Each structure stands twice: as C-alpha cells, then as structure tokens.
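Computed from a predicted structure; not experimentally measured.
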Amino acid sequence: MAARQPFTDTDTADEAVRATCDDATTCKRFATSKGYWKDPYIQYFVRSVGDRKAPEINRGYYARVQGVNHLLDAFLRKTQCDCQVINLGAGLDTTFWRLKDENLMPRKFFEVDFPTVVARKIHNIKTKPPLSKPIIETHSTDSLLLDAHSLESDRYCIIGADLRDISSLDEKLKKFQLNPELPTLLLSECVLVYMTPSHSSNLVHWAAETFHTAMFINYEQVNMSDRFGQVMIENLQRRQCTLAGVEACQTLDSQKDRFLKTGWEHVDALDMMTVYTMLPQDDVARIERLEFLDEKELLQQLLQHYNICWATKDKLNLGLSQLAF
C-alpha cells in the first residue's frame, strides 16, 4: 500500500482547514434550528445550537445546501440511482442519511476527508443509533468493516485520506469497491480552494480520467480579486487559514477553466446570487420571513462571492450536460 503522508497537528495550515469543517457544521446546525431547511441528523454531530448567526449567513447556507442538493438529486434521478457518489472533503455532512430517507440512495456513497475528521465522524456514528441504524439497514451482512480511519458497508463508505495524494486516494477508493464503470458524481464544497491550483487540477483531472460518465459539483468562493474578496481572504488568514487555491477563484471563467483544461466536456458556473433567484421562490419567500434582514446589500455581496461550478462528461449519453437550474 502506498505510504500516506504523515499528518500531525503541528501542521497549522491543515489544522486550520480542518477547523472549517466545524464552522460549516455549526452554521448549518443553527440555520436548521431556525427552520431554513430540515436536517434531523446534524444534531448528532453538533450537540448545541451555539451562538446566533447573522441572517445573511443563514440565507447563504440555505442557498448553498439547496443549490448543491438540486444538482445532486437531478443527477441521481437522471441515472435512476444506478450510480455512485464521492463527497470529497465531506466533513460532518449528513447527505447520505437524507438520501436514504428520500429513497434517492446511489449504489454506493463514499466520503473522503482528513483521517482526524473521519475518526470523529466514525465515533459519532458508532455512538449514535440514529446514525448507525440506517447504515446497518442498508448492509447485507452482520459485520461492517470498521477501523479508526475507515468505515465500509454495502452502501456507505468513509475513508481517511489526503486529497493531495492522488495515488493513495485512488488505491483506497478502489479497495472499498469504487467502480470506475458506474456513472459517478463527485462533490466538493469549500475544499479545492484550500489546495494549490496544481493539487486541485490533479484531483479534477484524476476524476475525468477515472470515470467515463461523471459530474463534478464544486461550491466555493469566486470574484475574489475585489475589495470584498480581499477582506474575506484577510479574515481567514487571521485564523491561519490560507486560501492556497484562490487563483482559480477570480471569476466564473477561471472556475470553469480548471475543468475544461483537465478533460471535462461541458462546464457551467453560476454565482450564488443567481442561484438564489433560481431556487423555488415560494420556499425562498418562506425562509425570508424567518428573520428580518436589515442589510440586503450585504447578502447580495456575500452571495456574489460564492459560486457553484458543475462539469460533466457523458460517454453513456445520459444527457448530463442538460442538468442545470
């Protein structure tokens, strides 16, 4: 087995990136407690609702969750769930449980993250029956493969790996029955931006080379060269969190180029303000009634600095390039 690059907690940059996983989970926990969307599982990863989050943050997370889910669910329906999903840098994400509840389960759902993050998630699953029961229900034998940094069942698999080490990542996924012949959806949310452009391009290229019919959904920052973008970068730097991949986050075109240059056939990208206006407007009206928002311009600025970029290749001619908002 290929040697995994050692990770230590003295590696400040990686530790700061791992901390973003907690940020996202606590923000989602707060937003769901306010009724922005339903997630009955997130409480098992973050016990307390925590400090109040500003309304524009809650609406931003609402747009992110609804936007990503819209494309993910469209892919699952297009493939009739005869596919696999790989969530890269999944953190404490609860998508697997949502898909099981909604009868939208792919053949197999993979998650990859830093070994320390994976160890925490596995501990939560082992000690919380509402998390472990759905995994056991979709598994055909009495025994699950389980160790400190991986969990494998028939339909769900978590792997501790470094996304910058492609050969090790590829080897681990294949060891856990990744099937390159199946239509595959890859998902990354605020992950590529923490990798250097060469590392993220290698990852995106590996995905294009490995799967003949696939979709890659990437959610992260965009329009980062203006003043608002610079302030975002400075705020993260104060927490020792460097956006190593910010170069690809300059414009929607630079986001698309990363995929077009690495073997993907069709690429689209929209900033989140545009996505927000394309979500079902009756539900948007519902969430806008939840909290008064004083600074409409601030929400607009925030949403204009995030985007969803999605790329497809479609040897099986499933019509993946038509998936959109």
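The two atoms that bring Ala214 and Phe211 nearest to each other are CB-CB, 3.8 Å, heavy atoms only. Pairing each heavy atom of Pro106 with each of Cys83, the nearest pair is CB-O, 3.4 Å. Of all non-hydrogen atoms in Arg155 and Phe96, the two that sit nearest each other are O-CE1, 4.0 Å. For the pair Gly229 and Asp226, the tightest heavy-atom approach, listed with the atom from each and the gap, is N-OD1, 2.8 Å.
Remark: Glu111 CD to Thr95 OG1 distance equals 7.5 Å, nearest 0.5 Å.
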Would you sort out whether Glu220 and Asn307 count as a side chain to side chain donor-acceptor pair (under 3.5 Å), showing the intermediate values? CA-CA 6 Å; Glu220 67 183 8; Asn307 84 116; 5.5 Å; no
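Thr213 is not listed as a side-chain neighbour of Leu182, based on a closest heavy-atom distance of 4.5 Å or more.
In summary, the aromatic rings of Phe259 and Phe216 are positioned with their centroids under 6.0 Å apart. With ring centers used as reference points, Phe176 lies 6.0 Å or more from Phe110.
Of the candidates Lys108, His139, Lys175, Glu152 forms a side-chain hydrogen bond (donor to acceptor under 3.5 Å, both in side chains) with just one, namely Lys108. A ring pair (Phe, Tyr, Trp, His ring centres under 6.0 Å) with Trp97 is found for exactly one of Tyr156, Tyr44, Phe109, namely Tyr156.
Counting non-hydrogen atoms of other residues, nucleotides and ligands closer than 6.0 Å to NZ of Lys34 gives a total of 12 or fewer. Around atom CD of Glu234, more than 12 heavy atoms belonging to other residues, nucleotides or ligands sit under 6.0 Å away. Counting heavy-atom neighbours within 6.0 Å of Glu247 CD, excluding the residue itself, gives a total of 12 or less.
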Table please: side-chain donor-acceptor pairs of residues 317-325 below 3.5 Å, with sequence neighbours left out.
none

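Electrostatic pairing of Asp73 and Arg98 counts as a salt bridge here, judged by a charged N lying under 4.0 Å from a carboxylate O.
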